[in-house]
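Here the structure is laid out as structure tokens; the discussion comes afterwards.
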2 protein chains.
Amino acid sequence: MRASSPERPSRGSGVPTPRRRRASGRGSAEHDGAPRGIPEASIARLPLYLRALVAMADRGITSVSSEELAGASGVNSAKLRKDLSHLGSYGTRGVGYEVDYLVYQISRELGLTQDWAVAIIGIGNLGRALANYGGFATRGFRTACLIDADPNQVGQRVSGLAVRHLDDLEALIAEHRVAIGVIATPAGAAQEVADRLVAAGVRSVLNFAPAVLTVPPGVELRKVDLSTELQILAFHEQRRVSAVAFEAAANAVVPDDVGDVIDAELGPVAPAASGLRV
Amino acid sequence: MRASSPERPSRGSGVPTPRRRRASGRGSAEHDGAPRGIPEASIARLPLYLRALVAMADRGITSVSSEELAGASGVNSAKLRKDLSHLGSYGTRGVGYEVDYLVYQISRELGLTQDWAVAIIGIGNLGRALANYGGFATRGFRTACLIDADPNQVGQRVSGLAVRHLDDLEALIAEHRVAIGVIATPAGAAQEVADRLVAAGVRSVLNFAPAVLTVPPGVELRKVDLSTELQILAFHEQRRVSAVAFEAAANAVVPDDVGDVIDAELGPVAPAASGLRV
DNA sequence: GCGCTTTTGTGCGCGTGTTCACAAACCCGT
DNA sequence: ACGGGTTTGTGAACACGCGCACAAAAGCGC
């Protein structure tokens with residue numbers, strides 16, 4: 001189910017068309033030029049809602065309450081309603097939200113009613129996986145070009161697209177009107193690639209390389225960091241073990257310098273070898 | 001450079017050994033069983049600091065100020081200091097932090113002084129990329145087993161490891177003492193895999209499947225969502241275009257119902273086709 | 001037409017995280 | 001031994017996001 005019908009969906013059932021956003025209220029209290037200021041946290045959840053809604057639409061569900069949609073998205077229903085209220089007043093009190101209509105509104109807000117050209121730079125393991133990843137993601141994006149610095153990679157076809165050389169980056173960006181650059185290079189090359197992308201006019205960058213990138217203001221930079229995610233999980237595993245050991249230590253002695261106990265007992269010891277799975 | 005030296009590093013230079021964490025203060029104000037409550041936001045940044053520190057250590061840098069480290073990590077220096085202060089008082093006023101020592105302390109806090117066994121479930125494009133991704137990530141993790149439901153995949157060797165069948169999941173988890181499960185299956189299979197992982201004793205799950213998973217309390221679930229990241233970027237691209245169109249519309253007419261202008265002018269129109277790159 | 005039920009939209013208090021700014025602590029030169 | 005310069009660690013103000021709880025609105029039955 002594609003979310004691109006521009007005209008208002010005319011309802012077949014007796015459910016009336018929801019009103020458009022209020023003329024009054026805080027919506028118009030924004031600065032000029034910024035139509036409305038949707039909190040970043042809300043924006044980050046819109047894709048979740050959209051995914052759940054599309055799944056519902058595919059199953060033939062036409063109407064949904066905030067409670068149901070919140071459940072399907074794994075969030076609090078009040079949070080969901082507040083998020084949606086930032087887009088406008090698209091629900092019907094006592095009834096809920098019409099699925100198709102909401103899909104369209106969220107898609108429009110996220111800019112998915114048009115296709116954005118994506119360039120993937122760095123066709124290694126990860127880059128190749130991204131290129132092959134079923135049209136990369138959901139609709140709204142088109143993998144326009146694949147770029148790599150390795151001459152052996154250049155010319156190879158990945159997912160129906162020929163890999164081009166890094167030297168042609170600027171020309172390719174211009175030619176394909178690339179809006180989003182995906183960096184999947186080794187860490188060492190990431191900043192240079194980012195600089196060149198920005199210089200070529202790209203203002204949205206998604207970085208998979210394990211490196212801290214800096215971009216000029218006005219350029220949106222997001223990062224996906226696999227090792228960081230793993231390390232955060234490791235922390236929580238570690239903490240579980242620590243907590244147990246700490247409690248045992250605290251029951252045994254009541255030291256005035258707790259830190260040394262932790263250093264001495266928890267550091268060298270490898271408690272997970274046996275106690276990892278409880 | 002491995003961060004596993006358990007004993008306090010004895011300094012060769014004239015820089016004195018930093019003091020351990022204070023016996024007094026809020027550190028001991030925590031509940032029993034939870035040695036110290038480090039904010040989640042701080043934890044998420046520790047891997048960043050660690051990466052920057054390791055890079056510095058490799059370059060032979062032995063001492064670093066909060067300002068320098070913050071710059072290398074792309075964060076505010078005050079935030080960095082507060083984050084580090086949650087671990088203890090590991091700096092020297094007027095001097096800075098000793099790189100090796102801080103690497104060890106952060107590694108220990110993150111539980112990286114031991115290797116955690118990781119299982120990857122779903123050896124498709126992404127799973128294969130993750131398996132090949134240079135030891136998966138930084139040190140501290142060991143890819144213990146690869147699991148897939150497709151009989152054609154089973155037996156294939158990926159990155160030196162034979163792919164095993166999903167039926168053996170529970171046995172493999174137990175055998176390898178897997179602590180972290182990485183889900184790279186299609187969305188439809190993700191929840192079932194998660195349930196089986198949890199039932200088998202895994203309490204840390206990293207989900208790459210585009211699905212909302214629910215796990216019982218006590219299980220740590222993190223997700224990496226490629227399409228969501230793209231869609232967030234698309235939003236900002238869209239907003240740039242919107243802002244321009246909005247301003248133009250606002251200058252042309254001054255309606256009492258601004259919403260209709262947005263709907264009528266911004267919805268159907270495809271401004272990016274020509275104006276995508278300005 | 002009217003009250004009853006349901007569900008949205010939101011005002012408000014609360015907790016968490018961020019940032020500023022400064023005192024305390026430390027090194028070093030004299 | 002001591003004062004000057006530097007950098008950490010942290011108190012306090014601020015900003016932001018979350019969730020409760022409720023009023024407003026819509027549909028429905030009688």
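Note on naming: letters A, B, ... go to the chains in the order of the sequence lines (proteins, then strands), and numbering restarts at 1 for each one. Source: prediction; values computed, not measured.
- Remark: B:Lys82 is not in phosphate contact with D:dT10, judged by side-chain N or O atoms under 4.0 Å from OP1 or OP2.
- In this structure, A:Arg93 does not reach the D:dC22 phosphate: none of its side-chain N or O atoms is under 4.0 Å from OP1 or OP2.
- Side-chain contact check for B:Leu53 versus B:Val64: some heavy-atom pair is nearer than 4.5 Å.
- Considering every non-hydrogen atom in both B:Glu67 and B:Ser77, the closest pair reads OE1-OG, 3.5 Å.
- Distance, A:Arg81 CZ to C:dT6 C1': 12 Å, rounded to whole Å.
- For B:Glu98 and C:dC26, the CD to P distance is 16 Å, given to the nearest whole Å.
- The shortest distance between the side-chain N/O atoms of B:Ser66 and the OP1/OP2 oxygens of D:dT8 is below 4.0 Å.
- In this structure, OH of B:Tyr90 is placed 13 Å from P of D:dT10, rounded to the nearest angstrom.
- At D:dG9, one or more side-chain N or O atoms of B:Ser89 fall inside 4.0 Å of OP1 or OP2 (strictly under the cut-off).
- Atom P of nucleotide C:dT7 and atom CG of A:Leu84 are separated by 16 Å, given to the nearest angstrom.
- Regarding contacts with the backbone of D:dG17, every side-chain N or O of A:Asn76 stays at 4.0 angstrom or more from both OP1 and OP2.
- Between the CD atom of B:Glu40 and the C1' atom of C:dG17 there is a distance of 12 Å, rounded to whole Å.
- The backbone N or O of A:Leu230 sits nowhere less than 3.5 Å from a side-chain atom of B:Trp116 that would complete a donor-acceptor pair.
- Looking at every heavy atom in both residues, B:Gln191 comes nearest to B:Val212 through OE1-O, 4.0 Å.
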What side-chain donor-acceptor pairs closer than 3.5 Å can you find for residues 38-47 of chain A, not counting sequence neighbours?
unit_1, atom_1, unit_2, atom_2, d
A:Glu40, OE2, B:His236, NE2, 3.2
A:Ser42, OG, A:Asp83, OD1, 2.5
A:Arg45, NE, A:Tyr49, OH, 3.4
A:Arg45, NE, A:Asp83, OD2, 2.6
A:Arg45, NH2, A:Asp83, OD1, 3.1
A:Arg45, NH2, A:Asp83, OD2, 3.2

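- Proximity note for A:Ala78 (side chain, C-beta onward) versus D:dC20, D:dA26, D:dC18: the nearest is D:dC20.
- Mapping A:Asp83 and B:Ser65 onto DNA chain D via the closest heavy atom, the residue that lands nearer the 5' end is B:Ser65.
- Within the 4.0 Å cut-off from OP1 or OP2 of C:dT18, at least one side-chain nitrogen or oxygen of B:Arg45 is found.
- In this structure, the NE2 atom of B:His86 is 15 Å from the C1' atom of D:dT8, given to the nearest Å.
- As rounded to whole Å, 12 Å separates atom P of C:dG9 from atom CD of A:Gln105.
- The distance between atom CD of B:Glu68 and atom C1' of D:dT6, rounded to the nearest whole Å, is 12 Å.
- A:Tyr97 has no side-chain polar atom (N or O) that falls below the 4.0 Å cut-off from OP1 or OP2 of D:dA26.
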